[in-house]
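The structure under discussion appears below in the form of structure tokens.
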Amino acid sequence: MSLQDFINDAISPWMNDEGQDSDIVLSTRIRLARNLKQVPFPTSGDQSSQEKVLEHIEQEFNNQSYEDFKKFQLVKMADIESVEKRVLVEKHLMSPNLAENSQTGAVLISENEQASVMINEEDHLRIQLYYPGLGLSEALQQAQKLDDWFEERTRYAFNEEKGYLTSCPTNVGTGLRASVMMHLPALTMTNQMTRMAPEINKLGLVVRGIYGEGSEALGALYQISNQMTLGKSEEDIIQDLQSVVSQVIESERQSREWVMQQSGIQLEDRIFRSYGVLAHSRIIESKEAAKCLSDVRLGIDLGLIKNISKTILNELMVLTQPGFLQHYAKKSLQPAERDWFRANLIRERLQLEQY
Amino acid sequence: MLCQNCQEQEASVHYTQVVNGQKKEMHLCEQCAQGEGYMDFANENLSLHHFLTNMFPFDQTKDQTQQQMTSAQTIQCEGCGLTYHEFRHQGKFGCSQCYEAFSDYLDPIFKRVHSGNTEHVGKIPKRLGGNLHKHREINQLQEQMQQKINEEDFEEAANIRDRIRHLKEELHDDHGGES
């Protein structure tokens with residue numbers, strides 16, 4: 001497989017579209033948790049009812065299309081190898097949890113990979129919808145339509161007082177989890193995220209980041225999502241998240257400007273050093289790769305690095321994960337070998353940009 | 001520092017999650033972090049479960065006597081056989097009937113998790129809730145009408161009253177005569 005084919009395989013078609021505020025927001029996800037009426041939840045461990053759910057979904061939805069979501073393909077966990085599962089997880093089309101349910105777990109994926117529906121994960125159905133950049137209300141609208149489409153051919157467990165009934169009490173009500181993946185290098189560099197995260201938490205939202213040594217987030221990537229699913233309408237949940245995310249975007253833009261003014265040459269040095277590491281290293285750990293990719297992406301956004309496409313961060317964050325590396329290598333790799341392969345892959349990917 | 005999960009490799013991913021002011025730290029090696037889904041979108045299950053186990057009312061409030069607690073533990077759901085004790089331990093329901101079976105004890109949990117809320121106000125499935133949609137609309141219109149009355153906009157209030165009346169007639173017809 002050529003590298004270009006491999007990348008095309010790794011990057012879902014929707015990721016190539018440039019969404020709103022895509023200099024800061026990588027992607028938006030909407031997830032709806034749904035269960036079928038009068039069928040025990042997958043958490044009950046009842047195999048025969050899970051099989052029936054899977055059978056029903058396969059019959060009604062496999063190879064079906066709905067509006068922009070063409071040809072849903074059902075992928076059964078029982079039919080695929082563990083490295084393929086890992087690749088689906090790294091593409092965010094399903095959760096690690098689902099990969100473990102190899103008996104009755106399955107995922108229904110639309111052709112453009114924008115919509116995926118996990119079957120027999122923690123709930124019977126987990127409808128997921130991705131949008132490039134910031135697109136909360138668009139993504140919600142689409143997810144609601146998909147939800148209606150599913151409801152036409154199934155009966156949901158719903159209770160007037162508690163809403164959509166879910167396995168976990170944290171999802172009951174709307175079953176809605178809305179998440180926004182953000183790249184916040186300037187807020188991270190200036191240590192403002194450590195101050196902002198608790199403030200955001202107080203508003204009933206969750207901020208997650210992967211932290212390296214000290215307080216600097218690995219790859220400066222953060223996910224902000226709603227915590228509450230009961231007692232608020234879907235539209236209000238989205239609106240509250242949207243207003244916080246907009247403020248964070250604004251602060252990140254101001255910080256970028258400030259850092260450029262205060263220490264432009266140091267920032268430029270850092271960015272080009274990282275670029276150098278990515279372009280020339282022979283061994284690279286995922287942590288270092290994440291940091292350098294974040295710097296290079298910032299360099300692109302600030303116009304310091306030209307001729308490299310913006311999607312490189314999204315792309316290489318997916319490509320350099322263990323599942324994809326092994327998929328590319330066509331064999332299983334020891335951790336040390338992965339670092340070596342990762343460096344190779346990044347160098348080759350950057351060379352594709354030369355033209 | 002060794003990875004908290006496998007205890008074999010050096011921890012290289014340090015993960016901090018703050019939920020409502022409660023801080024939780026994880027130190028994992030890269031493989032475990034990937035495996036646990038800490039490095040992507042799909043990470044809510046594990047962390048939410050941990051988060052939830054700290055949320056149950058029995059662990060934190062002592063407003064019920066020991067005796068009541070013991071009797072609550074043995075309540076069993078007729079649908080799937082899950083006991084309240086098991087539910088509390090695993091943090092997950094077994095079926096939709098669990099919501100009925102444990103209903104006396106659930107609101108405090110919902111309140112903790114959902115900032116004091118216990119009632120759904122969002123979407124209603126189309127197929128299930130023809131009347132539910134109307135009931136909710138009537139409630140909303142009644143609030144609007146009250147607001148218009150307060151603003152002394154009686155003309156608009158009368159319009160809203162007519163719409164409420166219309167909806168109530170529709171409901172009346174659906175119910176075949178009962179009001």
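Throughout, protein chains are lettered first and strands after them, A, B, ... in sequence-line order, and every chain is numbered starting at 1. It should be emphasised that the depicted structure is a prediction, and the values quoted were computed from it without experimental measurement.
Around atom CD of Glu155(B), no more than 12 heavy atoms belonging to other residues, nucleotides or ligands sit under 6.0 Å away. Remark: Glu235(A) CD is packed, more than 12 non-hydrogen atoms of other residues, nucleotides or ligands lying under 6.0 Å away. At most 12 heavy atoms of other shown residues, nucleotides or ligands fall within 6.0 angstrom of atom CD in Glu78(B). Within a 6.0 Å sphere centred on CD of Gln38(A), heavy atoms belonging to other residues, nucleotides or ligands number 12 at most.
You'll find the side chain of Ser44(A) stays beyond 4.5 Å of the side chain of Phe93(B), heavy atoms only. When side chains are defined from C-beta on, Lys232(A) does not count as touching Asn117(B), because their heavy atoms never get closer than 4.5 Å.
With a 4.5 Å cut-off on non-hydrogen atoms, Val172(A) touches chain B through its backbone and its side chain both. Residue contact with chain B, scored on non-hydrogen atoms closer than 4.5 Å, involves the backbone and the side chain of Asp148(A) alike. For Glu152(A), the part sitting under 4.5 Å from any heavy atom of chain B is the backbone (N, CA, C, O) and nothing else. Neither the backbone nor the side chain of Glu86(B) comes within less than 4.5 Å of any heavy atom in chain A.
Closest non-hydrogen pair, Cys168(A) versus Gly91(B), comes out as SG-O, 4.1 Å. Closest approach of Met228(A) and Ser115(B) over heavy atoms only: SD-OG, 3.4 Å. Between Pro169(A) and Ile109(B), the shortest heavy-atom contact is CB-CG2, 4.3 Å. Pairing each heavy atom of Tyr99(B) with each of Thr166(A), the nearest pair is OH-O, 2.6 Å. When all heavy atoms of Tyr164(A) and Ile124(B) are compared, the closest pair comes out as OH-C, 3.8 Å. Minimum interatomic distance between Pro40(A) and Cys95(B) (heavy atoms only, all atoms of both residues): CA-CB, 3.8 Å.
Between the side chain of His114(B) and the backbone N or O of Thr229(A), at least one donor-acceptor pair lies under 3.5 Å. No donor-acceptor pair under 3.5 Å is formed between the side chain of Lys92(B) and the backbone N or O of Glu122(A).
Interface check for chain B: of the options Ser167(A), Ser49(A), Ala99(A), Gly45(A), the most heavy-atom pairs under 4.5 Å are formed by Ser167(A). Chain A forms the most heavy-atom pairs under 4.5 Å with one residue out of Gly94(B), Gly122(B), Gly116(B), and that residue is Gly94(B).
Considering CG of Leu32(A) and NZ of Lys123(B), their distance stands at 7.0 Å, rounded to 0.5 Å. Annotation: the span from His120(B) atom NE2 to Asn159(A) atom CG amounts to 9.5 Å, rounded to 0.5 Å. Once rounded to the nearest 0.5 Å, the distance linking OG of Ser96(B) with CZ of Phe158(A) reads 12.5 Å.
Residues that satisfy the side chain to side chain contact (heavy atoms under 4.5 Å, CB included) test with Ala139(A), not counting sequence neighbours, are Thr28(A), Ile30(A), Leu129(A), Tyr131(A).
Look at Lys162(A) and Asp107(B) and you find a salt bridge, because one of the NZ, NE, NH1 or NH2 atoms lies within 4.0 Å of a carboxylate O, short of that distance.
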